[in-house]
Number of protein chains: 2
Amino acid sequence: MQRCKVSSVIQQTQGRRARLRAQTTAEIKATALRLMSEGGTDAISLRAIAREMDMSASAVYSYFATRDELITTLINDVYSELVDRVEAARDACPADDPAARLQAWWRALRDWALAEPDGFRLVYGDPVAGYVTPVGGPAPRPSKRACLGLVELVAAAWPQAAPRQPPVEFSWSDFTPELADEIRRHLPDVSPGAVALAFRVWGRMYGLIGLEIYGHLRPSLPDPGALYEAELRDLVVSLGLVPPGQADGAAGH
Amino acid sequence: MQRCKVSSVIQQTQGRRARLRAQTTAEIKATALRLMSEGGTDAISLRAIAREMDMSASAVYSYFATRDELITTLINDVYSELVDRVEAARDACPADDPAARLQAWWRALRDWALAEPDGFRLVYGDPVAGYVTPVGGPAPRPSKRACLGLVELVAAAWPQAAPRQPPVEFSWSDFTPELADEIRRHLPDVSPGAVALAFRVWGRMYGLIGLEIYGHLRPSLPDPGALYEAELRDLVVSLGLVPPGQADGAAGH
DNA sequence: AACGTTTTCCGAACGGCGTTCAGTTTTCAC
DNA sequence: GTGAAAACTGAACGCCGTTCGGAAAACGTT
């Protein structure tokens, strides 16, 4: 009885301590993101965070061993939220309309990038001065999720897309064993060519967004949205999901 | 006579002073680029440059009003050299082979990006911590050169490419007046649709390079070169410069 | 050849940064 | 209640960009 009570108290107090710790950790991350939204990624500094939270700078080291560890955590959080969002946009489209699902995915990505350009920098660019990315990448889990999601989308188009692809052959040995295993486990019916195509699609759409975010489009093109839509349109046509020259049912944007 | 001599002496000494100044300026820039190649863009600091040159940090301010001004100059230099390079690669191909010229341009860009990833970050990404880009962009001249060169390349393919484009109409009013005037002055025969297509092509190829440079490809794809070649191949096919499914004469890479 | 001005350069300083460390306070388990 | 572990503080170190007063050199003019 006593033992039980004690143990429950222990659990309770441990729970309390852990809860406080989790709470402070969350506050640190939230403060960091707020500072970023107010002053860009460079505004994320341990000292500024500590100042905002009325604590000393060195106290933050009880929660993150180093600034880069905090940045890595932020990248993971932001990236995960991004993947949640594009997946939600994709799943809002009917499962039997692969063109709509693909376009929704990429529209959601651009919308997010425009809404939170600093988040985009954090995830896809050079995050912050002097940050060195850990081995295996800063955010392996969300990036794997994004990769699988995109491969799945492209794979759905593969039957129509395959004959339209350039005669460049790909095999599983072109990819790292980790990726090949991952894909074959989750998406056993996908071919290496579809994976390669997914990466090419990724580059295509990421490129326009990156140019826009990094300011290479605006000086010439006041509204890159139309350009993005054209590329999106060309994309689904090139994948054979939509006949050329016709409006596709997934417009409505 | 005497007047003439005096004036010549003046010119000489003025020339000497200016020469010394230009020399020191060049040394500062060279040192900055060396530091960047050794330690990344974050290694570019006025203090480090001064240290390397055996002078005080404040002395650098006689040559650049601020660190950002130095960065801006570096961006211009690096960008200009990049444009020189891609233009040279393009011009090494016969004028009557637009597919080869286009592919040479983009191959040269990727080769340069891989050889000098920090230069790529400087020109196309977030250059350096806390750097605020001046109004009108950090490097309007080289970026205008790159834009015109690319538009010219795409315009050469426009007759074949136009019917293959998605039915998204563009007009000169979609672009800033500066760009529209610039293009109509230098390339009077180019249509707005061709310009839009040029930007889309830019995004396409920039995207793959950016993903590779920022480390989003390597963890999954040991050799993104094949992917890039496939995209390049698909590009010239989609522009109607090469019939699909056949090897094009511009391979040899 | 000498004078006054402009340019160049130095050294110290300010506030910011990440990080470390010795020491203190608080919290927790027993 | 006591000892250990965790959280926290304040000072310090070396880095950064930038400013400022003053010294040194180079320069144009007389």
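Just so it is clear, the values below take in all heavy atoms, side chains as well, and ignore hydrogens, waters and symmetry mates.
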Discussion item. Tell me which residues in residues 46-74 of chain B lie within less than 4.0 Å of DNA chain D, going by non-hydrogen atoms.
Written reply: B:Leu46, B:Arg47, B:Ala48, B:Arg51, B:Ser58, B:Tyr61, B:Thr66, B:Arg67

Worksheet item: With a 4.5 Å limit on heavy-atom distance, are the side chains of A:Tyr131 and A:Thr72 in contact?
Response: yes

Item to complete: Evaluate ring pair (Phe, Tyr, Trp, His ring centres under 6.0 Å) for B:Phe199 paired with A:Tyr228, printing each intermediate quantity in order.
Response: CA-CA 10 Å; B:Phe199 277 108; A:Tyr228 193 77; over 10 Å; no

Response to the item:
Test salt bridge (charged side-chain N to carboxylate O under 4.0 Å, His left out), reference A:Arg110, set A:Glu229, A:Glu212, A:Glu116, output is A:Glu212

Item to complete: Mind calculating the distance between CD1 (A:Ile44) and C1' (C:dC17) to the nearest angstrom?
Response: 14 Å

Worksheet item: Listed by chain and number, what are the salt bridge (charged side-chain N to carboxylate O under 4.0 Å, His left out) partners of B:Lys144, not counting sequence neighbours?
Response: none

Fill in: salt bridge (charged side-chain N to carboxylate O under 4.0 Å, His left out) involving B:Glu178 - partner list, sequence neighbours excluded
none

Discussion item. Using OP1 and OP2 only, check whether a side-chain N or O of A:Arg21 sits under 4.0 Å from D:dA6.
Written reply: no

Worksheet item: In whole angstrom, what separates A:Tyr131's OH from C:dG18's P?
Response: 15 Å

